[in-house]
Amino acid sequence: MKDQELKQRHTQAGLTGDTDPEIVETKAARPSARGGSGNWLAWWAIVVRITITMLGLSVCMSYLITETAFWGHSSKWTNWRNYIPRQKRVFTPHELSMHDGSNPGLPLLLAIEGDVYDVSSGWGFYGPGSSYSLFAGRDASRAFGTNCLSRKDHLTHDTRGLSEKELAGIKGWHQYFDNHQQYVKLGVVELDPVDPAAPIPPPCEDAKPRPK
């Protein structure tokens with residue numbers, strides 16, 4: 001009689017004869033994984049909303065106080081153009097020369113140590129008729145180190161014979177363009193190899209001030 005009653009209870013609970021009651025009890029007591037995941041996602045959603053709200057308030061306050069979005073800080077990280085997915089382009093010297101500002105329909109480009117940057121926002125500095133238009137459409141790394149804009153043989157990527165100070169100047173300008181808030185790196189230029197037998201450009205005695 002007791003065995004029959006126990007069997008009937010198991011049947012009502014959805015158990016078969018092969019089912020262990022302890023397993024069923026364990027499953028019933030186990031918390032739902034789906035419910036735990038939902039709570040975790042809900043907490044993250046709250047964190048994201050709070051973060052976005054705080055960032056929005058920070059930007060608004062920054063505009064009110066400094067008239068900039070990031071409290072006066074400017075670098076390549078605050079340049080939204082750097083976050084646009086784009087494939088890095090490889091320019092030939094001829095292709096680069098077409099971006100010297102002579103065609104207003106093309107972006108204004110310059111190169112330093114082989115890296116090509118879009119400096120269209122600095123048209124007043126590097127566009128046609130400006131003081132430093134000679135840098136546009138080419139890699140004139142040597143001139144960035146020597147500040148010599150009056151000699152064409154310094155408007156080259158050939159940096160042989162430069163002093164440590166001049167080479168450091170080139171590195172400094174390279175970093176300047178790389179970290180600029182508005183200039184964007186587009187790719188590289190395939191520079192012609194420098195002939196080691198070619199004469200080294202002589203020092204420039206009437207060097208002009210470097211661009212600001």
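The figures here come from the full heavy-atom set of this structure, side chains too, leaving out hydrogens, waters and symmetry mates.
- Two residues are said to be in side-chain contact when any heavy atoms from C-beta on lie closer than 4.5 Å; P199 and D153 fail this criterion.
- Not a single donor-acceptor pair under 3.5 Å links the side chain of Q175 to the backbone N or O of G172.
- No continuous path of hydrophobic side-chain contacts links L110 to V188 [ILVMFWY only; heavy atoms under 4.5 Å].
- I112 has its side chain within reach of I170: a pair of non-hydrogen atoms, C-beta onward, lies under 4.5 Å apart.
- Under the 4.5 Å side-chain criterion, counting only non-hydrogen atoms from C-beta, R89 is not in contact with V116.
- Cluster membership check: V48 does not share its hydrophobic cluster with L41, using side-chain heavy-atom separations under 4.5 Å among Ile, Leu, Val, Met, Phe, Trp and Tyr.
- When only modelled atom types and interatomic distance are considered, H154 and T146 share a side-chain donor-acceptor pair under 3.5 Å.
- Note: L155 CG to C148 SG = 8.0 Å, rounded to the nearest 0.5 Å.
- With L109 as reference, L186 is the one residue of D100, V119, V189, L186 to meet the side-chain contact (heavy atoms from CB on, under 4.5 Å) rule.
- Looking at S133 and P128, their side chains never come closer than 4.5 Å, going by heavy atoms from C-beta outward.
- Between L108 and G101, the closest heavy-atom pair is CD1-N, 3.5 Å.
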**Message:** Applying side-chain contact (heavy atoms from CB on, under 4.5 Å) to E113 and K171, what does each step give before you reach the verdict?
**Reply:** CA-CA 9 Å; E113 295 189 304; K171 294 295 182 183; 3.2 Å; yes
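- By the 4.5 Å heavy-atom criterion applied to side chains, R151 and P202 are counted as neighbours.
- Hydrophobic clustering, with ILVMFWY side chains joined whenever heavy atoms are under 4.5 angstrom apart, groups Y176 together with L167.
- Neither side chain, D178 nor Y183, offers a donor N or O lying under 3.5 Å from an acceptor on the other.
- When all heavy atoms are compared, the tightest approach of S130 to G127 is OG-O, 2.5 Å.
- Annotation: side chain of F91 is not in contact with side chain of M98 (no heavy-atom distance under 4.5 Å).
- Rounding to the nearest 0.5 Å places NE2 of H157 at 4.5 Å from CG of L191.
- Residues I50 and W43 are members of one and the same hydrophobic cluster, defined by side-chain heavy-atom contacts under 4.5 angstrom among Ile, Leu, Val, Met, Phe, Trp and Tyr.
- Proximity of a side-chain donor or acceptor of K185 to a complementary backbone N or O of D118 within less than 3.5 Å is not detected.
- Here the closest non-hydrogen pair linking D139 and G114 is OD2-N, 2.7 Å.
- Each of W44 and I52 belongs to its own hydrophobic cluster when Ile, Leu, Val, Met, Phe, Trp and Tyr are linked at side-chain heavy-atom distances under 4.5 angstrom.
- H99 approaches E95 most closely through the heavy-atom pair CD2-O, 3.1 Å.
- Counting only heavy atoms from C-beta outward, the side chains of Y126 and L134 never approach each other to under 4.5 Å.
- Separating the CD atom in Q181 from the OG atom in S121 is a distance of 9.5 Å, to the nearest 0.5 Å.
- Ring centroid separation for the pair F135 and F144 comes in under the 6.0 Å cut-off.
- Taking CD of E190 as the start and NE2 of H94 as the end, the distance is 14.0 Å to the nearest 0.5 Å.
- Residues L162 and R142 are in side-chain contact: their nearest non-hydrogen atoms beyond the backbone lie under 4.5 Å apart.
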